[in-house]
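Report on the structure given below.
Order of the sequence lines sets the chain letters (A, B, ...), proteins ahead of strands, with each chain counted from 1.
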Amino acid sequence: MLDVKFIRENTELVRQGLLNKNSKDAVDEILAADDERKTIILKNDELKAKRNQVSSQIPQMKKAGQDTSVVFAEMKRVGDEIAMLDGQLRGVEEKLENILRYTPNLAHSSVPVGRSAEQNVEVRQWLPEGFSFKSDFKVLDHIELGKKHSILDFERGTKISGSGFPLYMGKGATLERALINYMLDIHLHEHNYLEIFPPILVNRESMKGTGQIPKMEDDMYFIEKDDLFPVPTAEVPITNIHRDEILAEKDLPIRYVGYSPCFRREAGSYGKDSKGFLRVHQFNKVEMVKFVKPEGSYDELEAMVKDAEDILQALKIPYRILMLCTGDLSFSAAKCYDIETWSPAENKWLEASSCSNFENFQARRANIRFRKEDKKIEYVHTLNGSGLATSRLMVSLLENYQTPEGKIIVPKALQKYTGFELIG
RNA sequence: GGAAAGGUGGCAGAGUGGUUGAAUGCGGCGGUCUCGAAAACCGUUGUUUGCGCAAGCUUACCGGGGGUUCGAAUCCCCCCCUUUCCGCCA
């Protein structure tokens, strides 16, 4: 959520920022609602102050045996007016809140301006030694590989749950588990995160806190009976750990990492990249979340990307880093890097991670603050990034590690986690 | 699923419808004492709205939402949550 005060003091900047994010310019609407709100508050607070003042004198009047009926009648009128203003105020605040909830965060000044994904900027590429985009043999895609070795069974997954619910079997299941454990261990022991194992069903407040609601509500699974949402990412429960809290400056930065399954309805994207793992309703992800002081947040973002890259380099999987342009940035993000891994069979890059700095946009929504040395209270900056999502990673892993005979070598780094070196 | 109890400040725990933001204790912070520390003692200690350069003034907040009243932490209604016991269960 943007700060109205900031909007008021930087109207042109905000206008341009919203345009850059392909959002409508709601500045005038916001300021008008805010003006209206302030006018009502001014008048209302005056009346309330009067009522409080008179009320405090009534006990003395009664003690002195004075007649209170005139005062009571007067205060009754004041009370009615307050009730009316309270009603108006609620209306305006609701209106303002509604506009703000649908107003996206502004991009950081270092983000390239652009309308869509085509204007994203490739920052760097990392390829393992001896890697070539052209293979000497006919590569199988991850679905064929999965079938050949009976490690992935999309048909039976569909039978059990529906399309987009992958079933891992045998060494496939072990490999998936190994990946998750490996990534967690690296982040814990080498990158200094604290491990979190969060609840997977969260309430409405939590979904609002991180901003999945209201804008993305259609994309979320929802358990109506209990008013709970299966999480679309561990970002939701982990960020909400500190919802409505005031953190101590000395505790920052806080760095959490946690694994969770992720559930997404992917409403409206049927038929697009839908085969196998490319777009699924349930997948596994290790997520990094940081709560930091504003001044260090962009350094923390770079560090977070590096933390995700470390995993890919250790696994020797080719990847590239994209800086998203303003038009492709998500609703809450001020800056975001996508990490894409190479799929030889698809002959394209697949998004396996997304690391974002939300600045204080999410913290405002979730009300996460910290107390500075001088006792002043300020919003923290929140960041999160996948470190990483296993589904797309698994595609790249299986395809890049296949041999000409169609067997799959387990990456060296994972072998002590799997207990085997070869599939097939 | 059945029964009961309860939700008050960082925590524990008072609170007769009227100077109650709220006793008291613990914790935190500052100080006295001490070579230093502990103990003891003294002081201090929430968030929030609006106005203001600021000091400050002001509004709201005792799980949430309504209601009664001149006035609600306190009375009434609805909802939510937590704890305990029983049942079921990985």
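Within 4.0 Å (heavy atoms only), A:Ile58 reaches at least one base atom of the nucleic acid.
In this structure B:G7 sits in a base pair with B:C80, meeting the Watson-Crick or G-U test at under 3.5 Å. Base-pair partner of B:G1: B:C86 (Watson-Crick or G-U wobble, both distances under 3.5 Å). Base-pair partner of B:C29: B:G43 (Watson-Crick or G-U wobble, both distances under 3.5 Å). Shown here, B:U48 forms no base pair; nothing in the strands shown gives a Watson-Crick or G-U wobble contact with both key distances under 3.5 Å. When Watson-Crick and G-U wobble pairs are counted only if both distances are under 3.5 Å, B:C70 pairs with B:G18.
For the pair A:Lys76 and A:Arg371, both in contact range of RNA chain B, the more 5′-proximal nearest nucleotide belongs to A:Arg371. The 5' end of RNA chain B is approached more closely, in terms of each residue's nearest nucleotide, by A:Ser56 than by the other of A:Ser56 and A:Asn52.
Annotation: proximity of residues 85-99 of chain A to RNA chain B (heavy atom, distance under 4.0 Å) is found for A:Arg90, numbered in ascending order.
When each of B:C70, B:U59, B:U47 is scored by its nearest atom to the side-chain atoms of A:Lys48, the top-ranked nucleotide is B:U59. Listed nucleotides B:G18, B:C70, B:U58 differ in distance to A:Pro59; the shortest reach to its side chain belongs to B:G18. Between B:U59, B:U47, B:G18, one nucleotide has an atom nearer to the side chain of A:Ser55 than all others, and that is B:G18. Side-chain proximity of A:Arg37 to the nucleotides B:G18, B:U49, B:U47 is greatest for B:U49.
With both ends at atom P, the span from B:U49 to B:U69 equals 32 Å, rounded to whole Å. Comparing B:U59 with B:A22, their P atoms sit 13 Å apart, to the nearest whole Å. Across the C1' atoms, B:C57 and B:G63 are found 31 Å apart, a figure rounded to whole Å. Comparing B:U84 with B:C77, their P atoms are spaced 27 Å from each other, to the whole Å. A distance of about 25 Å separates the P atoms of B:A3 and B:A90, rounded to the whole Å. Between B:G10 and B:U48, the distance separating the two P atoms is 12 Å to the nearest Å. Spacing between B:G71 and B:U19 at atom C1', rounded to whole Å, works out to 13 Å. Taking atom P in both B:G7 and B:U16, the straight-line distance is 13 Å, to the nearest Å.
Rounding to whole angstrom units, CD1 of residue A:Ile41 and P of B:U49 are separated by 9 Å. Atom CD1 of A:Ile40 and atom P of B:C51 are 14 Å apart (whole Å). Between the CG atom of A:Asp35 and the C1' atom of B:U49 there is a distance of 16 Å, rounded to whole Å. Between A:Lys375 atom NZ and B:U44 atom C1' there is a gap of 11 Å when expressed in whole angstrom units. As a whole-Å value, the separation of A:Phe72 CZ from B:U68 P is 17 Å. B:U45 atom C1' lies 14 Å from atom CD1 of A:Ile246, rounded to whole Å. Computed from coordinates, the A:Leu228 CG to B:C81 C1' distance equals 13 Å when rounded to whole Å. Put simply, CG on A:Leu47 is 14 Å from C1' on B:G50, counting in whole angstrom units.
Around CE of A:Met216, the count of heavy atoms belonging to other residues, nucleotides or ligands within 6.0 Å does not exceed 12.
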Between A:Glu176 and A:Asn284, does a side chain to side chain donor-acceptor pair (under 3.5 Å) hold up when you go through it step by step? CA-CA 9 Å; A:Glu176 176 77 359; A:Asn284 294 311; 2.7 Å; yes

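A cation-pi arrangement is not found for A:Lys293 relative to A:Phe370, the charged atom failing to lie both closer than 6.0 Å to the ring centre and inside a 45° cone about the ring normal.
Under a 4.0 Å N-O distance rule, the pair A:Glu378/A:Lys372 qualifies as a salt bridge. Using a cutoff of 4.0 Å between basic side-chain nitrogens and carboxylate oxygens, A:Asp35 and A:Arg8 are scored as salt-bridged. A salt bridge does not link A:Arg90 with A:Glu93: none of the charged nitrogens is closer than 4.0 Å to a carboxylate oxygen. Salt bridge annotation for A:Lys275-A:Glu346: present, with a cationic side-chain nitrogen under 4.0 angstrom from a carboxylate oxygen.
Between A:Asn367 and B:U48 there is no side-chain polar atom (N or O) within less than 4.0 angstrom of OP1 or OP2. OP1 and OP2 of B:G64 both lie 4.0 Å or more from every side-chain N or O belonging to A:Arg204.
Ring orientation note: the planes of A:His142 and A:Phe277 are close to parallel, at an angle under 30° on the 30°/60° scale. A perpendicular orientation is assigned to the rings of A:His191 and A:Tyr193, their planes being inclined by more than 60° (bins at 30° and 60°).
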